[in-house]
Visitor: 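Starting off with a structure, shown below.
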Amino acid sequence: MIETLQTIWAFMKEGVIISVIVALVLPWVGAILLVRRTSFLGVAVPQFSAAGIALGLAALPWFPALQQEYLDHGHPPLEYLFLFAAGAAALALFAFGAMSSRRGGHLAEGQVAAGFALATAIAMIALEFAPSGANLVETLQRGSVVVADVHSLGVVAVVDGLALIALFLLTPAILLISFDREMAVVLGHRPMRYELAWNTIVGASVGVGVMTIGPVLVFGLLFLPPLVARQLASSMRQFLALAVLLALLPILLAWPASFELDLPYGPTATLALAVLVIPWGIMRILRARRAQG
Amino acid sequence: MSEAAITLQSAALGYPGLRVLDEVDLVVRAGQVLAIVGDNGSGKSTLLRTLAGILPPRAGRRVVQAGLRIGYVPQQAQLDAVFPYTVEEVIAQGLARAPGLPRTQRGAHPAVQAALERAGLADRGTRRFGDLSGGQKQRALLARATVQSVDLLLLDEPTAGVDHQAEERMHSTLAELAAAGTGVVLVTHHPEAWEELADAWCDVIDGRVQMRESSA
(Lines give C-alpha, C1' and ligand atoms only; values in the text may rest on other atoms or scores of the structure.)
Protein backbone atom coordinates (compact mmCIF):
# COMPACT_ATOMS: atom_id res chain seq x y z
CA MET A 1 0.00 0.00 0.00
CA ILE A 2 2.79 2.37 0.96
CA GLU A 3 4.48 1.54 -2.33
CA THR A 4 1.29 2.36 -4.23
CA LEU A 5 0.97 5.68 -2.48
CA GLN A 6 4.61 6.49 -3.16
CA THR A 7 4.18 5.65 -6.85
CA ILE A 8 1.04 7.78 -7.10
CA TRP A 9 2.78 10.69 -5.43
CA ALA A 10 5.88 10.32 -7.59
CA PHE A 11 4.03 10.25 -10.90
CA MET A 12 0.68 11.89 -10.27
CA LYS A 13 1.11 14.36 -7.46
CA GLU A 14 -0.16 17.24 -9.63
CA GLY A 15 -3.31 15.24 -10.32
CA VAL A 16 -3.76 14.48 -6.62
CA ILE A 17 -3.36 18.13 -5.68
CA ILE A 18 -5.74 19.19 -8.47
CA SER A 19 -8.36 16.71 -7.26
CA VAL A 20 -8.13 18.11 -3.72
CA ILE A 21 -8.40 21.72 -4.93
CA VAL A 22 -11.51 21.04 -7.03
CA ALA A 23 -12.98 19.04 -4.12
CA LEU A 24 -12.74 22.18 -1.99
CA VAL A 25 -14.61 24.33 -4.51
CA LEU A 26 -17.18 22.18 -6.32
CA PRO A 27 -19.13 20.81 -3.31
CA TRP A 28 -19.41 24.38 -2.02
CA VAL A 29 -20.74 25.51 -5.40
CA GLY A 30 -23.03 22.46 -5.54
CA ALA A 31 -24.40 23.19 -2.06
CA ILE A 32 -25.49 26.65 -3.18
CA LEU A 33 -26.92 25.27 -6.45
CA LEU A 34 -28.89 22.76 -4.36
CA VAL A 35 -30.55 25.26 -2.02
CA ARG A 36 -31.22 27.64 -4.92
CA ARG A 37 -33.10 24.69 -6.47
CA THR A 38 -30.97 24.94 -9.59
CA SER A 39 -29.22 21.57 -9.39
CA PHE A 40 -30.38 20.78 -12.91
CA LEU A 41 -28.15 23.64 -14.06
CA GLY A 42 -25.22 21.77 -12.51
CA VAL A 43 -25.93 18.89 -14.87
CA ALA A 44 -26.19 21.03 -17.99
CA VAL A 45 -23.34 23.45 -17.33
CA PRO A 46 -20.51 20.88 -17.36
CA GLN A 47 -21.88 19.66 -20.69
CA PHE A 48 -21.64 23.21 -22.02
CA SER A 49 -18.05 23.32 -20.77
CA ALA A 50 -17.34 20.11 -22.68
CA ALA A 51 -18.92 21.66 -25.80
CA GLY A 52 -16.75 24.74 -25.26
CA ILE A 53 -13.63 22.57 -25.12
CA ALA A 54 -14.67 20.79 -28.31
CA LEU A 55 -15.22 24.16 -30.04
CA GLY A 56 -11.82 25.30 -28.82
CA LEU A 57 -10.22 22.22 -30.33
CA ALA A 58 -12.08 22.73 -33.61
CA ALA A 59 -10.80 26.34 -33.74
CA LEU A 60 -7.15 25.31 -33.24
CA PRO A 61 -6.22 25.38 -36.97
CA TRP A 62 -6.72 29.16 -36.85
CA PHE A 63 -3.97 29.42 -34.23
CA PRO A 64 -0.89 27.65 -35.67
CA ALA A 65 1.32 28.29 -32.62
CA LEU A 66 -1.26 26.77 -30.29
CA GLN A 67 -1.78 23.85 -32.64
CA GLN A 68 1.96 23.19 -32.60
CA GLU A 69 1.90 23.14 -28.81
CA TYR A 70 -0.95 20.64 -29.01
CA LEU A 71 1.11 18.42 -31.31
CA ASP A 72 4.10 18.69 -28.97
CA HIS A 73 2.35 18.13 -25.63
CA GLY A 74 -0.89 16.29 -26.45
CA HIS A 75 -3.07 19.20 -25.40
CA PRO A 76 -3.29 22.91 -26.25
CA PRO A 77 -2.42 25.50 -23.56
CA LEU A 78 -4.84 25.11 -20.70
CA GLU A 79 -5.52 28.85 -20.54
CA TYR A 80 -6.85 28.55 -24.11
CA LEU A 81 -9.08 25.57 -23.24
CA PHE A 82 -10.18 27.26 -20.03
CA LEU A 83 -11.42 30.31 -21.95
CA PHE A 84 -13.68 28.07 -24.01
CA ALA A 85 -14.74 25.81 -21.12
CA ALA A 86 -15.52 28.58 -18.63
CA GLY A 87 -16.83 30.93 -21.31
CA ALA A 88 -19.36 28.36 -22.57
CA ALA A 89 -20.42 27.53 -19.00
CA ALA A 90 -20.88 31.18 -18.03
CA LEU A 91 -22.73 31.97 -21.27
CA ALA A 92 -25.09 29.07 -20.65
CA LEU A 93 -25.75 30.28 -17.09
CA PHE A 94 -26.51 33.81 -18.25
CA ALA A 95 -28.79 32.50 -21.02
CA PHE A 96 -30.71 30.24 -18.63
CA GLY A 97 -30.90 33.07 -16.07
CA ALA A 98 -32.31 35.47 -18.66
CA MET A 99 -34.86 32.91 -19.87
CA SER A 100 -36.05 31.99 -16.39
CA SER A 101 -36.59 35.64 -15.39
CA ARG A 102 -38.88 36.24 -18.36
CA ARG A 103 -42.25 34.84 -19.20
CA GLY A 104 -42.00 31.10 -19.58
CA GLY A 105 -39.71 30.88 -16.55
CA HIS A 106 -41.82 27.94 -15.39
CA LEU A 107 -40.38 26.03 -18.34
CA ALA A 108 -36.84 26.44 -16.97
CA GLU A 109 -36.22 22.72 -16.45
CA GLY A 110 -37.30 21.94 -20.00
CA GLN A 111 -35.10 24.73 -21.33
CA VAL A 112 -32.10 23.35 -19.45
CA ALA A 113 -32.80 19.84 -20.71
CA ALA A 114 -33.01 21.18 -24.27
CA GLY A 115 -29.76 23.06 -23.65
CA PHE A 116 -28.10 19.86 -22.48
CA ALA A 117 -29.09 18.12 -25.71
CA LEU A 118 -27.90 21.08 -27.76
CA ALA A 119 -24.54 21.23 -25.95
CA THR A 120 -23.99 17.51 -26.51
CA ALA A 121 -24.78 17.88 -30.22
CA ILE A 122 -22.45 20.89 -30.55
CA ALA A 123 -19.64 18.96 -28.82
CA MET A 124 -20.02 15.99 -31.17
CA ILE A 125 -20.17 18.09 -34.34
CA ALA A 126 -17.26 20.29 -33.23
CA LEU A 127 -15.16 17.17 -32.70
CA GLU A 128 -15.93 16.12 -36.29
CA PHE A 129 -13.96 19.23 -37.29
CA ALA A 130 -11.21 18.46 -34.79
CA PRO A 131 -10.73 14.71 -34.99
CA SER A 132 -7.38 14.91 -33.24
CA GLY A 133 -9.18 16.39 -30.23
CA ALA A 134 -11.49 13.41 -29.87
CA ASN A 135 -8.92 11.54 -27.81
CA LEU A 136 -8.53 14.43 -25.41
CA VAL A 137 -12.28 14.82 -24.95
CA GLU A 138 -12.71 11.08 -24.51
CA THR A 139 -9.98 11.14 -21.89
CA LEU A 140 -11.74 13.98 -20.10
CA GLN A 141 -15.06 12.12 -20.27
CA ARG A 142 -13.32 9.13 -18.69
CA GLY A 143 -11.87 11.43 -16.03
CA SER A 144 -8.31 10.20 -16.31
CA VAL A 145 -6.77 13.51 -15.18
CA VAL A 146 -4.03 13.14 -17.79
CA VAL A 147 -3.59 16.83 -18.44
CA ALA A 148 -2.28 17.21 -14.92
CA ASP A 149 1.18 18.71 -14.99
CA VAL A 150 2.79 21.60 -13.13
CA HIS A 151 1.35 24.06 -15.61
CA SER A 152 -2.23 22.78 -15.34
CA LEU A 153 -1.85 22.69 -11.56
CA GLY A 154 -0.97 26.37 -11.75
CA VAL A 155 -4.08 27.14 -13.83
CA VAL A 156 -6.34 25.20 -11.45
CA ALA A 157 -4.74 26.79 -8.38
CA VAL A 158 -5.23 30.30 -9.75
CA VAL A 159 -8.80 29.81 -11.03
CA ASP A 160 -10.08 27.80 -8.07
CA GLY A 161 -8.09 29.94 -5.64
CA LEU A 162 -9.92 33.02 -6.94
CA ALA A 163 -13.20 31.10 -6.86
CA LEU A 164 -12.57 30.16 -3.21
CA ILE A 165 -11.82 33.76 -2.24
CA ALA A 166 -14.98 34.90 -4.04
CA LEU A 167 -17.01 32.19 -2.30
CA PHE A 168 -15.64 33.20 1.11
CA LEU A 169 -16.58 36.82 0.48
CA LEU A 170 -19.82 36.49 -1.42
CA THR A 171 -21.56 33.35 -0.12
CA PRO A 172 -23.61 35.19 2.57
CA ALA A 173 -24.88 37.70 0.00
CA ILE A 174 -25.52 35.08 -2.70
CA LEU A 175 -27.47 33.00 -0.18
CA LEU A 176 -29.41 36.04 1.02
CA ILE A 177 -30.53 37.04 -2.48
CA SER A 178 -31.46 33.40 -3.13
CA PHE A 179 -33.37 32.94 0.13
CA ASP A 180 -35.12 36.33 0.27
CA ARG A 181 -34.40 38.59 -2.68
CA GLU A 182 -36.90 41.21 -1.51
CA MET A 183 -35.22 41.59 1.88
CA ALA A 184 -31.84 41.87 0.17
CA VAL A 185 -33.14 44.76 -1.96
CA VAL A 186 -34.65 46.50 1.06
CA LEU A 187 -31.26 46.20 2.80
CA GLY A 188 -29.73 48.03 -0.15
CA HIS A 189 -28.10 45.16 -2.04
CA ARG A 190 -28.20 44.82 -5.80
CA PRO A 191 -29.06 41.19 -6.61
CA MET A 192 -27.96 41.47 -10.26
CA ARG A 193 -24.36 42.11 -9.19
CA TYR A 194 -24.32 39.00 -7.05
CA GLU A 195 -26.00 36.95 -9.79
CA LEU A 196 -23.25 38.10 -12.15
CA ALA A 197 -20.56 37.13 -9.64
CA TRP A 198 -22.27 33.80 -8.98
CA ASN A 199 -22.48 32.90 -12.68
CA THR A 200 -18.79 33.75 -13.05
CA ILE A 201 -17.83 31.58 -10.07
CA VAL A 202 -19.88 28.62 -11.36
CA GLY A 203 -18.63 29.04 -14.93
CA ALA A 204 -14.98 29.24 -13.88
CA SER A 205 -15.02 26.44 -11.30
CA VAL A 206 -17.06 24.05 -13.44
CA GLY A 207 -15.02 24.95 -16.53
CA VAL A 208 -11.69 24.24 -14.88
CA GLY A 209 -13.13 21.10 -13.29
CA VAL A 210 -14.37 19.67 -16.59
CA MET A 211 -11.05 20.24 -18.35
CA THR A 212 -9.00 18.59 -15.56
CA ILE A 213 -11.01 15.92 -13.75
CA GLY A 214 -13.76 15.51 -16.38
CA PRO A 215 -17.53 16.02 -16.29
CA VAL A 216 -18.38 12.77 -14.48
CA LEU A 217 -16.48 13.67 -11.33
CA VAL A 218 -17.66 17.28 -11.60
CA PHE A 219 -21.27 15.98 -11.40
CA GLY A 220 -20.33 13.77 -8.47
CA LEU A 221 -18.61 16.53 -6.51
CA LEU A 222 -21.37 19.04 -7.19
CA PHE A 223 -24.21 16.87 -5.94
CA LEU A 224 -23.30 13.88 -3.78
CA PRO A 225 -21.67 15.61 -0.79
CA PRO A 226 -24.20 18.49 -0.58
CA LEU A 227 -27.17 16.11 -0.74
CA VAL A 228 -25.92 14.19 2.28
CA ALA A 229 -24.71 17.32 4.08
CA ARG A 230 -28.17 18.91 3.73
CA GLN A 231 -29.68 16.04 5.71
CA LEU A 232 -27.07 16.19 8.45
CA ALA A 233 -26.35 19.88 8.94
CA SER A 234 -28.12 21.88 11.60
CA SER A 235 -27.14 25.28 10.21
CA MET A 236 -26.20 26.90 6.92
CA ARG A 237 -22.55 27.25 7.95
CA GLN A 238 -22.39 23.59 8.94
CA PHE A 239 -24.05 22.57 5.68
CA LEU A 240 -21.40 24.30 3.55
CA ALA A 241 -18.50 23.04 5.68
CA LEU A 242 -19.84 19.48 5.76
CA ALA A 243 -20.38 19.41 1.99
CA VAL A 244 -16.68 20.17 1.45
CA LEU A 245 -15.39 17.88 4.21
CA LEU A 246 -17.46 14.92 3.00
CA ALA A 247 -15.85 15.19 -0.44
CA LEU A 248 -12.21 15.18 0.62
CA LEU A 249 -11.75 11.65 1.98
CA PRO A 250 -13.33 9.79 -0.97
CA ILE A 251 -11.42 11.99 -3.40
CA LEU A 252 -8.12 10.94 -1.79
CA LEU A 253 -9.04 7.27 -1.31
CA ALA A 254 -10.04 6.97 -4.97
CA TRP A 255 -6.43 7.49 -6.07
CA PRO A 256 -5.01 4.19 -4.74
CA ALA A 257 -8.26 2.44 -5.70
CA SER A 258 -8.11 3.57 -9.34
CA PHE A 259 -4.38 2.80 -9.47
CA GLU A 260 -4.68 -0.71 -8.04
CA LEU A 261 -7.77 -1.64 -10.06
CA ASP A 262 -6.49 0.10 -13.19
CA LEU A 263 -9.67 2.14 -13.54
CA PRO A 264 -10.07 5.74 -14.71
CA TYR A 265 -9.89 8.13 -11.78
CA GLY A 266 -13.05 10.20 -12.43
CA PRO A 267 -15.65 7.41 -12.32
CA THR A 268 -13.73 5.67 -9.50
CA ALA A 269 -13.80 8.83 -7.38
CA THR A 270 -17.49 9.37 -8.18
CA LEU A 271 -18.29 5.85 -7.02
CA ALA A 272 -16.10 6.36 -3.94
CA LEU A 273 -18.16 9.45 -3.11
CA ALA A 274 -21.36 7.43 -3.43
CA VAL A 275 -20.05 4.34 -1.58
CA LEU A 276 -18.52 6.25 1.32
CA VAL A 277 -20.72 9.30 1.71
CA ILE A 278 -24.26 7.98 1.18
CA PRO A 279 -24.18 5.00 3.62
CA TRP A 280 -22.42 7.17 6.22
CA GLY A 281 -25.08 9.82 5.78
CA ILE A 282 -27.93 7.29 6.04
CA MET A 283 -26.35 5.87 9.21
CA ARG A 284 -26.09 9.31 10.80
CA ILE A 285 -29.66 10.21 9.85
CA LEU A 286 -31.02 6.95 11.29
CA ARG A 287 -29.01 7.43 14.48
CA ALA A 288 -30.31 10.98 14.86
CA ARG A 289 -33.91 9.82 14.35
CA ARG A 290 -33.44 7.02 16.91
CA ALA A 291 -32.05 9.55 19.39
CA GLN A 292 -35.12 11.75 18.87
CA GLY A 293 -37.24 8.80 19.92
CA MET B 1 -48.86 66.57 11.05
CA SER B 2 -45.65 64.50 11.00
CA GLU B 3 -43.41 64.71 7.96
CA ALA B 4 -43.57 62.36 4.99
CA ALA B 5 -41.45 59.21 5.24
CA ILE B 6 -42.28 57.87 1.77
CA THR B 7 -44.29 59.62 -0.94
CA LEU B 8 -45.62 58.20 -4.19
CA GLN B 9 -46.43 60.90 -6.74
CA SER B 10 -48.63 60.14 -9.77
CA ALA B 11 -47.12 56.69 -9.74
CA ALA B 12 -48.00 53.73 -11.93
CA LEU B 13 -47.12 50.47 -10.21
CA GLY B 14 -46.64 46.99 -11.59
CA TYR B 15 -44.25 44.77 -13.45
CA PRO B 16 -42.68 44.85 -16.94
CA GLY B 17 -45.61 44.61 -19.33
CA LEU B 18 -48.23 44.67 -16.57
CA ARG B 19 -49.60 47.78 -14.86
CA VAL B 20 -51.40 46.94 -11.64
CA LEU B 21 -52.14 50.37 -10.15
CA ASP B 22 -52.41 53.79 -11.81
CA GLU B 23 -52.26 57.41 -10.64
CA VAL B 24 -51.14 56.52 -7.13
CA ASP B 25 -50.65 59.53 -4.86
CA LEU B 26 -49.82 58.33 -1.39
CA VAL B 27 -47.98 59.76 1.60
CA VAL B 28 -46.75 57.50 4.41
CA ARG B 29 -46.06 59.74 7.40
CA ALA B 30 -43.37 59.13 10.00
CA GLY B 31 -44.70 57.19 12.96
CA GLN B 32 -48.02 56.44 11.24
CA VAL B 33 -49.70 53.02 11.30
CA LEU B 34 -51.13 52.52 7.82
CA ALA B 35 -53.14 49.44 6.85
CA ILE B 36 -53.46 48.55 3.16
CA VAL B 37 -56.64 46.63 2.40
CA GLY B 38 -58.27 45.23 -0.72
CA ASP B 39 -59.39 42.08 -2.46
CA ASN B 40 -57.11 39.27 -3.59
CA GLY B 41 -55.09 40.35 -6.61
CA SER B 42 -56.06 44.01 -6.19
CA GLY B 43 -52.41 45.14 -5.96
CA LYS B 44 -51.87 45.47 -2.18
CA SER B 45 -48.55 43.62 -2.20
CA THR B 46 -47.46 45.46 -5.34
CA LEU B 47 -48.06 48.75 -3.49
CA LEU B 48 -46.13 47.53 -0.44
CA ARG B 49 -43.21 46.32 -2.59
CA THR B 50 -43.07 49.68 -4.32
CA LEU B 51 -43.05 51.51 -1.00
CA ALA B 52 -40.22 49.19 0.13
CA GLY B 53 -38.19 49.95 -3.01
CA ILE B 54 -38.36 46.36 -4.24
CA LEU B 55 -40.32 47.37 -7.34
CA PRO B 56 -39.53 50.68 -9.03
CA PRO B 57 -42.60 52.68 -10.10
CA ARG B 58 -43.33 52.18 -13.83
CA ALA B 59 -44.14 55.90 -14.01
CA GLY B 60 -44.21 58.80 -11.55
CA ARG B 61 -41.96 59.14 -8.51
CA ARG B 62 -41.13 57.52 -5.19
CA VAL B 63 -39.57 59.96 -2.75
CA VAL B 64 -37.98 58.68 0.45
CA GLN B 65 -37.07 60.81 3.45
CA ALA B 66 -33.29 61.16 3.72
CA GLY B 67 -31.75 58.60 6.07
CA LEU B 68 -34.98 56.63 6.48
CA ARG B 69 -34.25 53.08 7.72
CA ILE B 70 -36.81 50.59 6.44
CA GLY B 71 -37.51 47.15 7.85
CA TYR B 72 -39.38 44.60 5.75
CA VAL B 73 -41.29 41.46 6.71
CA PRO B 74 -42.28 39.27 3.74
CA GLN B 75 -44.92 36.57 3.87
CA GLN B 76 -43.23 33.67 5.67
CA ALA B 77 -44.71 31.15 3.22
CA GLN B 78 -42.59 32.51 0.37
CA LEU B 79 -39.30 31.56 2.07
CA ASP B 80 -37.96 28.17 1.04
CA ALA B 81 -37.37 25.68 3.87
CA VAL B 82 -34.72 23.87 1.83
CA PHE B 83 -32.22 26.48 3.11
CA PRO B 84 -30.91 24.97 6.37
CA TYR B 85 -30.69 28.35 8.10
CA THR B 86 -31.00 28.46 11.87
CA VAL B 87 -33.26 31.08 13.43
CA GLU B 88 -30.13 32.99 14.53
CA GLU B 89 -28.76 32.97 11.00
CA VAL B 90 -32.03 34.31 9.59
CA ILE B 91 -32.16 37.14 12.14
CA ALA B 92 -28.49 37.98 11.47
CA GLN B 93 -29.41 38.66 7.83
CA GLY B 94 -30.99 41.88 9.07
CA LEU B 95 -27.50 43.15 9.98
CA ALA B 96 -26.38 42.91 6.38
CA ARG B 97 -27.16 46.43 5.24
CA ALA B 98 -25.44 47.77 2.12
CA PRO B 99 -23.05 49.39 1.35
CA GLY B 100 -20.58 46.61 1.80
CA LEU B 101 -21.16 42.91 1.98
CA PRO B 102 -23.17 41.19 4.66
CA ARG B 103 -20.91 41.32 7.67
CA THR B 104 -21.90 38.10 9.28
CA GLN B 105 -24.47 35.37 9.35
CA ARG B 106 -23.35 34.12 12.71
CA GLY B 107 -25.84 34.15 15.49
CA ALA B 108 -23.39 35.17 18.22
CA HIS B 109 -23.86 38.88 17.52
CA PRO B 110 -25.28 40.61 20.63
CA ALA B 111 -27.96 42.34 18.56
CA VAL B 112 -29.15 38.93 17.29
CA GLN B 113 -29.36 37.55 20.81
CA ALA B 114 -31.29 40.63 21.95
CA ALA B 115 -33.68 40.30 18.99
CA LEU B 116 -34.22 36.62 19.79
CA GLU B 117 -35.17 37.48 23.35
CA ARG B 118 -37.52 40.29 22.29
CA ALA B 119 -39.23 37.85 19.93
CA GLY B 120 -39.56 35.22 22.66
CA LEU B 121 -37.39 32.85 20.63
CA ALA B 122 -34.32 32.72 22.89
CA ASP B 123 -34.62 28.94 23.20
CA ARG B 124 -35.11 28.49 19.44
CA GLY B 125 -32.01 30.29 18.17
CA THR B 126 -30.15 27.18 17.04
CA ARG B 127 -33.24 25.45 15.62
CA ARG B 128 -33.77 25.35 11.88
CA PHE B 129 -35.95 28.21 10.68
CA GLY B 130 -37.86 25.83 8.42
CA ASP B 131 -38.89 23.71 11.42
CA LEU B 132 -40.65 26.57 13.24
CA SER B 133 -44.43 27.00 13.33
CA GLY B 134 -45.99 29.72 11.18
CA GLY B 135 -46.33 32.10 14.13
CA GLN B 136 -42.74 31.52 15.26
CA LYS B 137 -41.47 32.11 11.72
CA GLN B 138 -43.35 35.38 11.58
CA ARG B 139 -41.83 36.47 14.91
CA ALA B 140 -38.37 35.53 13.65
CA LEU B 141 -38.90 37.59 10.48
CA LEU B 142 -40.08 40.55 12.54
CA ALA B 143 -36.97 40.14 14.72
CA ARG B 144 -34.85 40.12 11.55
CA ALA B 145 -36.49 43.31 10.30
CA THR B 146 -35.92 45.07 13.62
CA VAL B 147 -32.54 43.63 14.63
CA GLN B 148 -31.23 47.07 13.75
CA SER B 149 -33.44 49.99 14.73
CA VAL B 150 -35.77 51.04 11.92
CA ASP B 151 -37.94 54.10 11.33
CA LEU B 152 -40.54 52.39 9.19
CA LEU B 153 -41.62 48.76 9.17
CA LEU B 154 -43.38 47.26 6.12
CA LEU B 155 -45.21 43.95 6.58
CA ASP B 156 -46.90 41.78 3.95
CA GLU B 157 -49.85 40.02 5.60
CA PRO B 158 -48.09 39.53 8.93
CA THR B 159 -50.79 37.29 10.39
CA ALA B 160 -51.45 35.08 7.34
CA GLY B 161 -51.30 31.40 8.21
CA VAL B 162 -50.77 31.85 11.95
CA ASP B 163 -53.00 30.79 14.85
CA HIS B 164 -55.02 33.16 17.04
CA GLN B 165 -52.41 33.30 19.80
CA ALA B 166 -49.63 34.17 17.35
CA GLU B 167 -51.89 36.79 15.77
CA GLU B 168 -52.47 38.47 19.13
CA ARG B 169 -48.78 38.41 19.88
CA MET B 170 -48.04 40.07 16.52
CA HIS B 171 -50.62 42.78 17.29
CA SER B 172 -49.10 43.58 20.67
CA THR B 173 -45.53 43.60 19.29
CA LEU B 174 -46.51 46.01 16.51
CA ALA B 175 -48.42 48.16 19.00
CA GLU B 176 -45.27 48.40 21.13
CA LEU B 177 -43.18 49.38 18.12
CA ALA B 178 -45.75 51.98 17.06
CA ALA B 179 -45.89 53.39 20.59
CA ALA B 180 -42.10 53.76 20.45
CA GLY B 181 -42.46 55.87 17.29
CA THR B 182 -41.79 53.30 14.57
CA GLY B 183 -44.00 53.76 11.53
CA VAL B 184 -45.87 50.65 10.38
CA VAL B 185 -47.35 49.85 6.98
CA LEU B 186 -49.05 46.50 6.69
CA VAL B 187 -51.07 44.60 4.11
CA THR B 188 -54.04 42.73 5.49
CA HIS B 189 -57.11 40.77 4.48
CA HIS B 190 -58.65 41.32 7.89
CA PRO B 191 -59.10 45.07 8.47
CA GLU B 192 -61.27 44.46 11.52
CA ALA B 193 -58.27 42.93 13.32
CA TRP B 194 -56.24 46.13 12.97
CA GLU B 195 -58.92 48.73 13.71
CA GLU B 196 -57.49 49.62 17.11
CA LEU B 197 -53.93 49.99 15.92
CA ALA B 198 -54.27 51.60 12.47
CA ASP B 199 -54.54 55.37 12.27
CA ALA B 200 -54.84 55.49 8.48
CA TRP B 201 -56.19 53.16 5.80
CA CYS B 202 -55.38 52.70 2.17
CA ASP B 203 -58.07 50.98 0.09
CA VAL B 204 -56.89 49.35 -3.10
CA ILE B 205 -59.85 49.06 -5.48
CA ASP B 206 -60.09 48.76 -9.26
CA GLY B 207 -56.49 49.71 -9.93
CA ARG B 208 -56.63 52.85 -7.77
CA VAL B 209 -55.78 53.66 -4.16
CA GLN B 210 -57.84 55.73 -1.75
CA MET B 211 -56.59 57.06 1.56
CA ARG B 212 -58.79 57.55 4.60
CA GLU B 213 -58.10 58.40 8.22
CA SER B 214 -59.09 55.97 10.93
CA SER B 215 -62.51 56.55 12.48
CA ALA B 216 -61.40 54.90 15.75
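Computed from a predicted model, the values in this text were never measured in an experiment. The sequence lines fix the lettering, A, B, ..., with proteins before strands; numbering per chain opens at 1.
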Visitor: Salt bridge check, A:D180 against B:R144: does any charged N sit closer than 4.0 Å to a carboxylate O?
Guide: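 Salt bridge between B:R144 and A:D180, a charged N being under 4.0 Å from a carboxylate O: yes.
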
Visitor: Donor-acceptor pair, B:Q93 side chain versus A:A184 backbone, under 3.5 Å?
Guide: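 No; zero donor-acceptor contacts below 3.5 Å.
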
Visitor: Taking side chain as everything from C-beta outward and backbone as N, CA, C, O, which of these in A:R181 sits under 4.5 Å from a heavy atom of chain B? Side chain, backbone, both or neither.
Guide: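 For A:R181, no heavy atom lies under 4.5 Å from chain B.
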
Visitor: Nearest 0.5 Å, what's the CE-OG1 distance between A:M236 and B:T86?
Guide: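 Answer rounded to 0.5 Å: 9.5 Å.
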
Visitor: Hey, could you give me the CG/CE distance between B:L141 and A:M183, rounded to the nearest 0.5 Å?
Guide: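 Result: 8.5 Å between the selected atoms.
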
Visitor: Is the CG atom of B:D163 crowded by more than 12 outside heavy atoms at less than 6.0 Å?
Guide: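 Enclosed.
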
Visitor: Any chance you could measure A:F239, atom CZ, to B:E89, atom CD, to the nearest 0.5 Å?
Guide: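 Rounded to the nearest 0.5 Å, the CZ-CD separation comes to 11.5 Å.
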
Visitor: Can you tell me how far OG of A:S234 sits from CZ of B:R128, rounded to the nearest 0.5 angstrom?
Guide: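 Rounded to the nearest 0.5 Å, the CZ-OG separation comes to 7.5 Å.
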
Visitor: Looking at A:L175 and B:Y85, what are the two nearest heavy atoms and their distance?
Guide: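 Between these two residues, the closest heavy atoms are CB-OH, 3.1 Å.
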
Visitor: Measure the CZ-CG distance between A:F179 and B:D80 for me, rounded to the nearest 0.5 Å.
Guide: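 If we round to the nearest 0.5 Å, A:F179:CZ and B:D80:CG are 8.0 Å apart.
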
Visitor: Return the minimal non-hydrogen interatomic distance between A:V35 and B:P84, and the atom names on each side.
Guide: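 Looks like CG1-CD, 3.9 Å.
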
Visitor: Check whether B:R49 reaches the backbone of A:E182 with its side chain - one donor and one acceptor, N or O, closer than 3.5 Å.
Guide: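 Answer holds: no.
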
Visitor: Quick check: under 4.5 Å, non-hydrogen atoms only, which of residues 53-70 of chain B neighbour chain A?
Guide: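 Residues in range: B:G53, B:I54, B:I70.
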
